[in-house]
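The structure under discussion appears below in the form of C-alpha cells.
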Amino acid sequence: MAVNKQRFFFILVLCILAVFLASCVLVIRPRFICQQGIREFKTGNYDQAAFFFERAEAAMPAIPGTTWLTAADRLCLYTHYGRTLYHTGIRDWQDNGLSPEIHDLFTRAKSYLEKAMALESGYYITAFWLARTAHALEKIHPWLFPGIPNPHDAHARYVQASALRPAGITVRQALARYLHEKDQPDQIPALVRNLMEIYPPIYSTLRKEPYFTLDLVPFMAQGLENAVRNRVRPRDALRILSQLYQDQDNLTAAIDYFEKYLDHDPKAVTPGDFFHLGALCLLDGRYDSSHEAFVKSLAATDNPNAVFNRIYNLFKARKLFIQFLQFADLLQGTTLVISDLDLVLARCYLDMDQVFLAKKKLQKIIETNPTGPACFLLATIAKNEKDWDTMEVISQKATRLDPYNHSYHYLFAQALNYRKKYANAEMAITRAIRHYPGEIPWYYNFRAWTRWHQKKYADAAQDWDKAAALNPNHPDFPRHAARAREKAGSDLDNYLKLKKK
C-alpha cells in the first residue's frame, strides 16, 4: 500500500512538472519570437518585424485563467506591433502617396496600441505612439472621407501622454507641432516654457521648429529662469539664457548671464568660455573687459598660438586694428609666452596696409628665429611688390623650414616661374602636388605650363588631362591639352623628317 502511494505521488509530481514545463514553453516561445521582431524593428526592417510579431501573437497561449502570465509579453508585443504598423504606414505614404491601404495600416496600428493601453493604461510609450497614430489618421481622414466628421482626436491623446510623462520632451514637441498644424497657437507658449524648464539645451532645436516666432522668446526666458531656480541643469540654463539674449542683440543681458554662468562653477570654466566672454565684450564695445577675458583664455589654454590667432580674427572682422595693437601691448607686459605674437602683428600691419611695418616684423622673425609662416608671408609681400629675387630666396627658405607644406612649394614654384626657371619650377610644383593631401586641378595646370615652356608637350597634355578630370567644368583644360598634343605631334613629324634627311 505504501509503495502504491509513493508511486502515485511520484507520478503526480511528474505530471505537475510536465504541465509546468509545457506552460513555460508556451510562454517563452512567443516571447522569443517577439524579441526577433523587436531586433528587426530597431534596424528599420518593418516588414520582417511585422512577420515575427504576427507569429508571436499566434503563438500566445490561450489557456483560460493563465492570461496574467502573458500580460507583460502582450503589452510589449502589441506596443511594438502598433509602432511597426505606424512606421510602415509612414514609409508607404512617403513612397507611394496616400491610399486606403495606408489608412488601414494606421487603423490596425491604432487597434494594437489600444489593446496595449487596455493592458496598462499608464505606459507612456504606448500612449505616445497611440497619439502619433491618431494624429496620422486625423490628417488622412479628410482626404479619404471628405464631408464625413473626423472621428479622430490626437490632441486628447497627446495631452494624455504628456500627463504620463511629466518630464517628456518628445511628446511635448509633437504636441506643439500638432497645435501649429491645427492653427491653434494659444497653447504653444506654455508648452515652450515647460520644455525649457525640463531640458534647457533644447533651445537650439526649438529655434528651428516651424512654430517658432520671436513672440516665444519671453516664454523661453521664463522657462530657463525657472530651470535655474529649480536647479534643473542650472549651468546650462544660464549659458543658454546668455545665448538667447545674444540672439536678440541684447548684449548687456547676454554678458550678464554669461558671467553668472562662469561664476556658477568656476572649476568647470574652460579657455573657450573666457574666449566667448571676450568676444561678447568686444561686440559690446567693452574693450578693456574683452582684453581681460582674452588674457584669461590665453593663460588657461594649452595652445596659446591658436587662441591668439582666433582673437586676432575677431578684431579683424570688426576692423578694430588699433584695439588689437593695444591688446598686444598689454600682452607684452604679462608673463604669457606667445611665439606667434610678432607674426600676428605683421598680419595686422598688412591688414592695416602698413606694409613697411609688416616687413620689419617679418624680417626680425627671420633673422632671430625663422619660421615657415613668417617666410611665406614675407615672400607673399615680395610677390605683390613683384620683387622676384626676394620672393625666390624667401619662399625657398620656407620650403626648407617646412618641407611638407605644399603651399610653400607652390609659392616657390611661382617665384621660379616668374624668373623663367621652368625646369626648377616644375620640380617645385611636383613637390607641392606630392605633399597636397588630395588632388587639386590648379597644381596640375601650373605644372603643365612649366612643361609647355620647356616644350615637353606630351607631359603637359597629360597634366591638363588630369586637371580636366578633377574639374570637368573648366573649359580651358581640354583645349590646352589638345593644343599640347597638336604641338607634340608636329614636333614628332619634324623630327622624323630631319632624321630621313
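Bear in mind the structure is a predicted one, so any value in this text is a computation, not a measurement.
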side-chain contact (heavy atoms from CB on, under 4.5 Å) assessment of Lys319 paired with Met352: CA-CA 9 Å; Lys319 299 189 183 304; Met352 295 172 69; over 6 Å; no
Evaluation steps, salt bridge (Lys or Arg N to Asp or Glu O under 4.0 Å), between Asp236 and Arg239: CA-CA 5 Å; Asp236 283 339; Arg239 176 180 56 81; 3.6 Å; yes
CA sep, side-chain torsions, deciding dist, call: Arg310, Asn313, side-chain hydrogen bond (donor to acceptor under 3.5 Å, both in side chains): CA-CA 5 Å; Arg310 287 181 63 203; Asn313 289 335; over 6 Å; no
Chi angles and distances behind the side-chain contact (heavy atoms from CB on, under 4.5 Å) call for Leu244, Asn250: CA-CA 9 Å; Leu244 181 147; Asn250 185 345; over 6 Å; no
Steps toward side-chain contact (heavy atoms from CB on, under 4.5 Å) verdict (Arg132, Arg83): CA-CA 10 Å; Arg132 294 197 67 174; Arg83 291 176 66 184; over 6 Å; no
Derivation and outcome, side-chain contact (heavy atoms from CB on, under 4.5 Å), residues Ile366 and Cys375: CA-CA 7 Å; Ile366 293 168; Cys375 292; 4.0 Å; yes
Working for ring pair (Phe, Tyr, Trp, His ring centres under 6.0 Å), residues Phe294 and Phe274: CA-CA 6 Å; Phe294 287 142; Phe274 288 125; over 10 Å; no
Candidate pair Phe315 and Phe321, rule ring pair (Phe, Tyr, Trp, His ring centres under 6.0 Å), full reasoning: CA-CA 6 Å; Phe315 281 91; Phe321 300 115; 9.4 Å; no
Tyr287 and Gln326: CA distance, side-chain angles, deciding distance, side-chain hydrogen bond (donor to acceptor under 3.5 Å, both in side chains) verdict: CA-CA 10 Å; Tyr287 302 129; Gln326 292 171 348; over 6 Å; no
Trace of the side-chain hydrogen bond (donor to acceptor under 3.5 Å, both in side chains) decision for Asn305 with Ser339: CA-CA 7 Å; Asn305 284 329; Ser339 57; 2.7 Å; yes
Intermediate values then yes/no, side-chain hydrogen bond (donor to acceptor under 3.5 Å, both in side chains), Gln243 and Tyr261: CA-CA 11 Å; Gln243 183 62 54; Tyr261 157 78; over 6 Å; no
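In this structure a side-chain-to-backbone donor-acceptor pair under 3.5 Å is missing from His180 to Ala176. No donor-acceptor distance shorter than 3.5 angstrom exists from the side chain of Ser290 to the backbone of Leu282, with no hydrogens or angles considered. Using modelled atom types, no side-chain atom of Asn369 and backbone atom of Ile365 make a donor-acceptor pair closer than 3.5 Å. Between the side chain of Thr301 and the backbone N or O of Ser297 there is no donor-acceptor pair closer than 3.5 Å. The backbone N or O of Leu314 sits nowhere less than 3.5 Å from a side-chain atom of Arg318 that would complete a donor-acceptor pair. At least one donor-acceptor pair under 3.5 Å links the side chain of Asn405 to the backbone N or O of Ser407. Panel note: side chain Thr334, backbone Leu331; a donor-acceptor pair is recorded below 3.5 Å. The backbone N or O of Gly122 sits less than 3.5 Å from a side-chain atom of Glu120, completing a donor-acceptor pair. The backbone N or O of Pro403 sits less than 3.5 Å from a side-chain atom of His409, completing a donor-acceptor pair. Judged by distance alone, the side chain of Asp273 and the main-chain N or O of Thr270 form a donor-acceptor pair under 3.5 Å.
Heavy atoms only, all atoms of each residue included: Leu113 and Thr126 are closest at O-CG2, 3.4 Å. Scanning both residues, Pro200 and Leu224, for their nearest heavy atoms gives CB-CD2, 3.6 Å. Contact between Phe258 and Ser242 at its shortest, heavy atoms only, is CB-OG, 3.4 Å. Taking each heavy atom of Ala227 and Ala237 in turn, the nearest pair found is CB-CB, 4.1 Å.
Distance OH/Tyr410 to OH/Tyr436: 11.5 Å, rounded to 0.5 Å. Taken to the nearest 0.5 Å, the NE2 atom of His264 stands 15.5 Å off from the CD atom of Glu259. Annotation: the span from Thr84 atom OG1 to Tyr112 atom OH amounts to 11.0 Å, rounded to 0.5 Å. Interatomic distance, Leu262 CG to His276 NE2, rounded to the nearest 0.5 Å: 9.0 Å. With values rounded to the nearest 0.5 angstrom, Glu439 atom CD is found 5.0 Å from Leu470 atom CG.
Using a 4.0 Å cut-off between a side-chain N of Lys or Arg and a carboxylate O of Asp or Glu, Arg451 and Glu426 qualify as a salt bridge. A salt bridge does not link Asp263 with Arg235: none of the charged nitrogens is closer than 4.0 Å to a carboxylate oxygen. Here Arg177 does not pair with Glu181 in a salt bridge; the nearest charged N to carboxylate O distance is not below 4.0 Å. Ion pairing between Lys267 and Asp265 fails under the 4.0 Å rule for side-chain N and carboxylate O.
In this structure, the side chains of Tyr245 and Asp256 stay at 4.5 Å or more apart for every pair of heavy atoms.
The distance between the ring centers of His474 and Phe477 falls below 6.0 angstrom. Separation of the Tyr444 and Trp464 ring centroids does not fall under the 6.0 Å cut-off.
Using modelled atom types and a 3.5 Å distance limit, the side chains of Gln160 and Tyr124 yield no donor-acceptor pair.
Sorted by first and then second residue, the salt bridge (charged side-chain N to carboxylate O under 4.0 Å, His left out) pairs with a member in residues 375-391 read Lys359-Glu385, Asp389-Arg419; sequence neighbours excluded.
Checking each of Tyr81, Tyr46, Trp93 against His87 for a ring pair (Phe, Tyr, Trp, His ring centres under 6.0 Å) leaves exactly one that passes, namely Tyr46. For the pairing with Trp129, the ring pair (Phe, Tyr, Trp, His ring centres under 6.0 Å) check across Phe106, Tyr86, Phe41 returns one residue only, Tyr86.
Residues forming a salt bridge (Lys or Arg N to Asp or Glu O under 4.0 Å) with Arg157 (at least two apart in sequence, or on another chain): Glu114.
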